[in-house]
Amino acid sequence: MSAAEATRAPAVGDLGAVRLRGPVVAASGCLRVTRTLEDLADLSALGAWVSPTVALASASSPPGPRWWGTPAGLVHPTSIEGPGISGLLAGDVPWFVARKVPVIVSVAAATLGDYAEIVRHAAAAPGVIGVELRLAPPGARGLGFHPVTEGFHVGRVVAAVRGELPPGCALLAKLPALPDKVVDLARAAVDAGADAVTLVDAAPAYAVDPATGRPPFPAFDPDRLSLSGPALLPVALRSVHQVRAALPQARIVASGGVRTGADVAAHLAAGASAVQVGTTLLRDPVAPQRLRTELSAALAAMTPHPIEPSDEETP
Amino acid sequence: MSAAEATRAPAVGDLGAVRLRGPVVAASGCLRVTRTLEDLADLSALGAWVSPTVALASASSPPGPRWWGTPAGLVHPTSIEGPGISGLLAGDVPWFVARKVPVIVSVAAATLGDYAEIVRHAAAAPGVIGVELRLAPPGARGLGFHPVTEGFHVGRVVAAVRGELPPGCALLAKLPALPDKVVDLARAAVDAGADAVTLVDAAPAYAVDPATGRPPFPAFDPDRLSLSGPALLPVALRSVHQVRAALPQARIVASGGVRTGADVAAHLAAGASAVQVGTTLLRDPVAPQRLRTELSAALAAMTPHPIEPSDEETP
Amino acid sequence: MTAPRVLHTDAEVLAHKRAGSLHVVTLVAPGVAELHRPGTFAELTLGGPDSDRLARHAFWILRTRPSGTYGSTIELLVAERDPGTRWLVQTAPGTAVPLTAPLGRPFALPREAVTCTLVAHEDGVAAVLGLAGRLKERGCVVHVVLGAASDARLYGALDLRRTARTVQVVTADGSVGRRGELAEVLPAVLDEQRPEVVYAAGPVPLLRATAAEAEARGAWSQVAYAGAMPCGVGHCLGCLVPVVGEDAVARNVRACTEGPVFRGDRVRWDEVTS
Amino acid sequence: MTAPRVLHTDAEVLAHKRAGSLHVVTLVAPGVAELHRPGTFAELTLGGPDSDRLARHAFWILRTRPSGTYGSTIELLVAERDPGTRWLVQTAPGTAVPLTAPLGRPFALPREAVTCTLVAHEDGVAAVLGLAGRLKERGCVVHVVLGAASDARLYGALDLRRTARTVQVVTADGSVGRRGELAEVLPAVLDEQRPEVVYAAGPVPLLRATAAEAEARGAWSQVAYAGAMPCGVGHCLGCLVPVVGEDAVARNVRACTEGPVFRGDRVRWDEVTS
Ligand SMILES: Cc1cc2nc3c(=O)[nH]c(=O)nc-3n(C[C@H](O)[C@H](O)[C@H](O)COP(=O)(O)OP(=O)(O)OC[C@H]3O[C@@H](n4cnc5c(N)ncnc54)[C@H](O)[C@@H]3O)c2cc1C
Ligand SMILES: Cc1cc2nc3c(=O)[nH]c(=O)nc-3n(C[C@H](O)[C@H](O)[C@H](O)COP(=O)(O)OP(=O)(O)OC[C@H]3O[C@@H](n4cnc5c(N)ncnc54)[C@H](O)[C@@H]3O)c2cc1C
Ligand SMILES: Cc1cc2nc3c(=O)[nH]c(=O)nc-3n(C[C@H](O)[C@H](O)[C@H](O)COP(=O)(O)O)c2cc1C
Ligand SMILES: Cc1cc2nc3c(=O)[nH]c(=O)nc-3n(C[C@H](O)[C@H](O)[C@H](O)COP(=O)(O)O)c2cc1C
Ligand code: FES
Ligand code: FES
């Protein structure tokens with residue numbers, strides 16, 4: 001993308017219905033409430049917090065190992081667990097709202113009707129500035145979630161929920177890591193009314209425990225594993241670059257592989273207007289404030305300066 | 001995959017028309033002839049050498065940087081260069097054959113007619129035990145190569161060349177890293193007569209130089225970059241596992257992310273009968289002999305032992 | 001804002017000392033000593049800034065020195081188990097190691113001056129070394145039983161003899177103390193010592209045996225869980241332990257935030273995986 | 001099989017020495033000293049076994065000691081430029097560093113005892129330090145011109161004074177020697193010294209200027225290219241340099257195998273990228 005094109009692209013923080021106070025966003029499932037969270041993370045450094053993905057019903061999380069280190073990455077089961085939408089809206093959402101952190105609720109559902117219902121709940125909750133649809137969690141076939149592998153699937157889900165969002169609440173569509181399809185899926189999401197696309201979900205993956213020759217997660221389905229972490233950076237950047245090139249006006253939230261402020265800057269330069277950080281929050285509890293600082297330095301060192309970072313507050 | 005299923009799967013080294021002397025194979029484009037190659041690598045530790053991909057015509061390689069380090073990976077341009085099929089068959093192929101290294105020639109072409117012609121040349125050369133079709137090099141649209149993104153494309157190319165191979169020369173179809181399509185593509189390849197599928201090619205990727213905000217390869221098309229190296233291991237394992245589960249009889253050559261003997265063992269446990277090593281050859285010139293040693297140890301440590309490694313020579 | 005209960009800092013390696021096949025690593029970590037209580041742990045990022053291994057590593061805080069020549073330091077007892085710990089025990093003094101501490105809930109201390117038995121396997125002794133002193137300060141009678149594969153993996157017996165009324169040692173190869181396993185000797189030890197609280201640190205089977213034997217004798221147990229803890233700060237759910245809450249409801253809770261110390265009778269041991 | 005011309009080994013860090021802002025790193029690398037000739041290089045894997053950075057790093061072989069108390073050692077002159085070199089200069093003695101050496105084609109030496117000028121920028125001096133001695137042994141008159149940003153990045157002038165007839169120094173900040181850039185002073189220096197061969201090691205613009213100024217005076221030039229060399233052994237094509245072959249055909253050749261030393265008049269400088 002040339003510098004001229006970059007200036008035409010959506011501004012940093014612009015998610016359509018809302019404008020984030022900063023570009024760094026906590027990715028779904030990677031930042032949870034604990035007694036000591038505020039002692040470590042400076043939550044004011046986050047543009048928003050994306051909740052773990054919830055469904056209408058609650059589901060308990062099995063004990064035992066659930067991640068396996070791979071080179072610069074981690075492989076983990078894809079499963080939708082946790083308190084369900086009501087539990088989330090009664091628990092963690094108000095916790096973040098009370099601390100003035102803009103909240104984006106991540107949801108998944110098995111039917112279009114369920115999608116509409118869960119989005120309605122989520123969007124109506126105080127302090128929720130957006131809803132992120134987790135479309136086609138990797139290997140989700142059989143989990144009972146609405147199957148989403150083609151553009152028209154995406155369009156249908158987005159259209160089914162679009163009317164449930166009040167003004168000032170952004171609709172994000174998080175897309176699977178399918179390199180040959182991402183442009184079609186993104187176009188369908190935007191055409192059906194999504195404010196932004198989140199690119200990309202963790203990549204379909206597999207891992208072998210050297211002791212057993214099998215995946216190291218006895219409690220989880222071996223066909224539903226995915227890869228997160230720095231290893232994913234070039235793959236996620238590719239989707240961002242491709243969608244930016246094909247859809248110059250689309251708003252893109254990048255997700256994948258961010259470890260440093262330079263990685264955030266790389267996603268912004270490739271065309272994102274906000275950037276999620278996931279795995280790095282597991283490894284570095286002070287990542288929010290570190291990334292904010294490093295990002296300023298990284299942008300200052302880049303010539304031509306790709307974007308003007310916004311310091312405006314969300315209204 | 002259960003241990004029982006594993007025993008049903010093709011034996012280690014089995015590529016249909018030929019049986020390799022060992023499971024570790026040098027991946028296409030990652031091991032080249034130099035004056036000192038034999039001083040470093042023990043070529044007898046390789047089951048085979050896959051040539052860099054060649055086309056009918058020669059094409060020169062531009063100078064300047066062509067790889068960029070990313071976490072546990074490297075991003076590089078995808079381009080088909082080099083001496084063309086005649087140059088290859090006159091130069092590097094006899095070099096390896098003289099040293100008793102079984103050769104697999106990697107080819108790509110723009111039309112079915114060209115595919116048939118190049119395979120005919122390659123398969124007729126002395127010492128060539130196989131031909132690997134590089135199908136859909138990532139981002140190849142526009143390079144003039146036959147577009148391959150659906151099963152029927154794969155089937156057409158394989159069918160067009162199948163008749164050109166003499167007995168004792170194996171046909172391998174190297175498939176792109178498209179997680180949602182790999183089973184369909186593999187099935188099409190096998191149904192059309194491929195002896196084995198190579199899973200997977202380097203993944204579509206993008207990289208940003210922090211100094212410029214753009215890809216660090218001025219001489220190459222920024223839309224045709226791909227990711228190799230250990231970062232890719234869980235992604236490649238996934239394709240191997242998926243194809244093995246869907247097509248229990250298919251012969252699979254794994255490619256992606258191998259750094260240690262344990263990684264080779266992981267690919268074998270996931271269902272491969274041979275395993276290519278690429279990027280690691282760039283980083284560790286003694287990798288062939290190291291991997292052979294480490295593989296024995298890794299297999300011995302795995303319970304249940306997933307496979308019986310073959311020490312038989314290629315006939 | 002209230003004072004933080006946990007700190008994140010680039011700790012600096014000050015010194016290494018071998019102790020048999022274990023290692024004592026001293027780190028400069030300002031403020032951690034003051035906040036630490038026995039049973040809390042430190043989470044470290046090992047391997048240096050370019051390491052491709054993302055999982056962090058948990059360690060008990062063996063000793064603390066709130067101030068000294070180099071400021072506030074902590075000591076860890078490290079078993080060389082994997083590339084990360086191998087890196088740690090070989091770091092040059094001055095190397096920066098990102099550290100978050102103290103994390104988790106500490107051992108609960110008895111309100112009264114009762115008899116307590118502390119059971120620890122190998123590096124698990126790091127969890128109970130400081131605990132012994134705290135209990136003694138409160139007037140408790142402290143017995144200690146240490147177990148290890150062999151002499152070379154045993155640490156702290158001498159130190160503990162200063163605070164504990166008795167210190168017994170069990171090794172699998174009989175190289176020191178009695179030959180045997182901790183779980184085997186436990187029933188007889190508890191029958192003899194009749195503690196009101198049993199504290200344990202070590203592998204899951206030991207914790208489970210401790211919980212069962214304590215309960216059978218009407219004693220409390222406090223077990224320190226040291227399974228996988230890849231993030232240590234509550235985000236990854238990689239450390240879920242099946243428990244029964246005070247409300248009698250079964251839950252899977254994060255050991256790094258709700259533990260690592262649990263009441264032994266609250267854990268659903270049949271469902272614990274590692 | 002003939003004796004190997006290149007070795008791959010886990011070299012062991014023996015010692016570090018600061019030299020201004022540069023570092024001299026001594027490695028135990030049996031056999032390399034015997035095979036090395038000036039202009040060949042060593043390719044190192046930096047960062048330790050779990051580093052997530054895959055690119056290797058090339059270094060000139062500054063000095064060799066075929067045998068000593070620790071066996072055969074080599075010295076490298078290291079500029080701290082990136083995470084890999086930062087790691088290298090901080091490694092504890094005893095650290096293993098995978099090393100492949102000597103690689104590439106050395107400087108060509110004149111058959112006759114002629115006058116030679118050696119031009120080197122900063123760590124490029126490591127390429128010519130040994131060369132000066134070899135040339136003197138052959139009876140050549142050796143002149144040396146060293147350049148650097150400042151005194152702190154200058155190395156080897158003292159050593160070279162023992163072999164070279166003249167040693168001139170140029171620094172950008174004037175902290176030692178003349179203030180200026182090597183490429184600026186080169187024409188005057190060559191006019192005065194009238195060498196038959198000019199050897200150069202440093203950044204591409206210096207090599208290019210050397211080739212041009214030598215050619216303009218009817219002298220040969222031998223330039224040592226130090227651009228990116230991520231594998232060093234000929235597999236990755238990451239080091240292609242545009243040249244004209246002896247057959248007058250334009251080709252892009254691997255600097256790690258066909259170089260790193262090139263005849264200056266054979267390089268198509270307009271197309272060199274870094
Ligand atoms: C509360 C607590 C306190 C503890 N206290 C102590 C103590 O005081 N002293 C002590 O010595 N220990 C202590 N431990 C144990 C210690 O943290 C770990 O056992 C030790 O650090 C080894 O870590 P591990 O089990 O993850 O290593 P391993 O079991 O070796 O690691 C396995 C992990 O490595 C990853 N992996 C495997 N291959 C690769 C690859 N190729 N690339 C990248 N990643 C890979 C996989 O993710 C796998 O999950 C404690 C643990 C806890 C929870
Ligand atoms: C023949 C030769 C001889 C030499 N001799 C010497 C010598 O004697 N002394 C000396 O000091 N130097 C010498 N050099 C130079 C030296 O090898 C390198 O300049 C130095 O090691 C720095 O390497 P670099 O240029 O690759 O580093 P940088 O330019 O810092 O590395 C950039 C590379 O880092 C990678 N990267 C960036 N970000 C990441 C990330 N987040 N994760 C993973 N990878 C990333 C990218 O691949 C990029 O290509 C020599 C070079 C050559 C070719
Ligand atoms: C432990 C863990 C839990 C995750 N949970 C969710 C989730 O509930 N919903 C979701 O959409 N993505 C989830 N993800 C994916 C992340 O939100 C993110 O898209 C992905 O990890 C890539 O970003 P990263 O490389 O920065 O981690 C999870 C990832 C991890 C590592
Ligand atoms: C420098 C380089 C050159 C490559 N050239 C080719 C090629 O010519 N043809 C091909 O099919 N694959 C090529 N590849 C891809 C590799 O063969 C291999 O499939 C891929 O890198 C994944 O394996 P790895 O992770 O072991 O490197 C190349 C990879 C690299 C790193
Ligand atoms: S270790 Fe990550 S949640 Fe406990
Ligand atoms: S550095 Fe890889 S081919 Fe020269």
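Below, chains carry the letters A, B, ... as their sequence lines are ordered, and counting in each starts from 1. Just so we're clear, the structure is a prediction, and the values are computed from it rather than from any experiment. Heavy atoms only: backbone and side chains are in, while hydrogens, waters and symmetry mates are out.
Between P52(A) and H235(C), every side-chain heavy-atom pair lies at or beyond the 4.5 Å cut-off. Between E258(C) and R35(A), the closest side-chain pair of non-hydrogen atoms is not below 4.5 Å. By the 4.5 Å heavy-atom criterion applied to side chains, R32(A) and T257(C) are not counted as neighbours.
Other residues, nucleotides and ligands contribute only 12 or fewer heavy atoms inside 6.0 Å of the CZ atom of R37(C). Residue W87(C) qualifies as enclosed at atom CH2: its count of foreign heavy atoms under 6.0 Å is above 12.
If you measure heavy-atom distances from P218(A) to chain C, you find no contacts under 4.5 Å at all. Of the two parts of T100(C), only the side chain, counted from C-beta on, holds a non-hydrogen atom closer than 4.5 Å to a non-hydrogen atom of chain A. For P98(C), no part sits under 4.5 Å from any heavy atom of chain A, backbone or side chain. Residue contact with chain A, scored on non-hydrogen atoms closer than 4.5 Å, involves the side chain of R254(C) exclusively. Interface residue L40(A): only side-chain heavy atoms are found under 4.5 Å from chain C.
Residues forming a ring-ring contact (aromatic ring centres under 6.0 Å, His included) with F96(A) (at least two apart in sequence, or on another chain): W49(A).
Across E43(C), R251(C), R56(C), the residue that shares the most heavy-atom pairs under 4.5 angstrom with chain A is R56(C). Put simply, of L54(C), T45(C), L103(C), V6(C), the one with the most heavy-atom pairs under 4.5 Å next to chain A is L54(C). Put simply, of P63(A), P71(A), C30(A), G229(A), the one with the most heavy-atom pairs under 4.5 Å next to chain C is P63(A).
The CG atom of L31(A) sits 12.5 Å away from the SG atom of C236(C) when rounded to the nearest 0.5 Å.
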N/O donor-acceptor pairs under 3.5 Å from side chains in residues 237-245 of chain C, not counting sequence neighbours:
none

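Between the side chain of R53(C) and the backbone N or O of T70(A) there is no donor-acceptor pair closer than 3.5 Å.
In terms of heavy atoms, W67(A) sits closest to C231(C) at CZ2-N, 4.3 Å.
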